[in-house]
Amino acid sequence: MKWTDIQDIAVALADTHPDVDPTQVRFTALRDMVLALPDFNDDPKHCGEKILEAIQQAWIEEAE
């Protein structure tokens, strides 16, 4: 997965962290969670606030 795979990342986060409320995750923690996903393989420098916002929103929708 790459940073642009927003939906895939959201699904993986929902599966990996089912007890976490995505609305309460700070961007710094979210970034670390994404980097820790086993299928994630992208440069950490390619991540910005807009990407993290999109991932968080997709994760919230996935968790509902």
Undergrad: For residues 47-58, which side-chain N or O atoms pair as donor and acceptor with protein atoms under 3.5 Å away, sequence neighbours left out?
TA:
unit_1 : atom_1 : unit_2 : atom_2 : d
Gln56  : NE2    : Pro22  : O      : 2.8
Gln56  : NE2    : Val25  : O      : 3.0
Gln57  : NE2    : Glu61  : OE2    : 3.3

Undergrad: Would you mind listing every ring pair (Phe, Tyr, Trp, His ring centres under 6.0 Å) that reaches into residues 5-29, with sequence neighbours excluded?
TA: none
Undergrad: Are Met1 and Leu13 grouped together when hydrophobic residues (ILVMFWY) are joined by side-chain heavy atoms under 4.5 angstrom apart?
TA: yes
Undergrad: As an exercise, state the distance from CG of Asp5 to CG of Asp42, rounded to the nearest 0.5 Å.
TA: 8.5 Å
Undergrad: Treating Trp3 as the side-chain partner and Lys45 as the backbone partner, does any N or O pair qualify as donor plus acceptor under 3.5 Å?
TA: no
Undergrad: Identify each donor-acceptor pair in which a side-chain atom of residues 28-41 lies under 3.5 Å from a protein atom, sequence neighbours left out, and give them as a table.
TA:
none

Undergrad: Treating Asp15 as the side-chain partner and Ala12 as the backbone partner, does any N or O pair qualify as donor plus acceptor under 3.5 Å?
TA: no
Undergrad: When Trp59 is tested against each of Val20, Thr23, Ile6 for side chain to side chain contact (heavy atoms under 4.5 Å, CB included), which residue passes?
TA: Val20
Undergrad: So do the side chains of Gln7 and Glu62 get within less than 4.5 Å of each other, counting heavy atoms only?
TA: yes
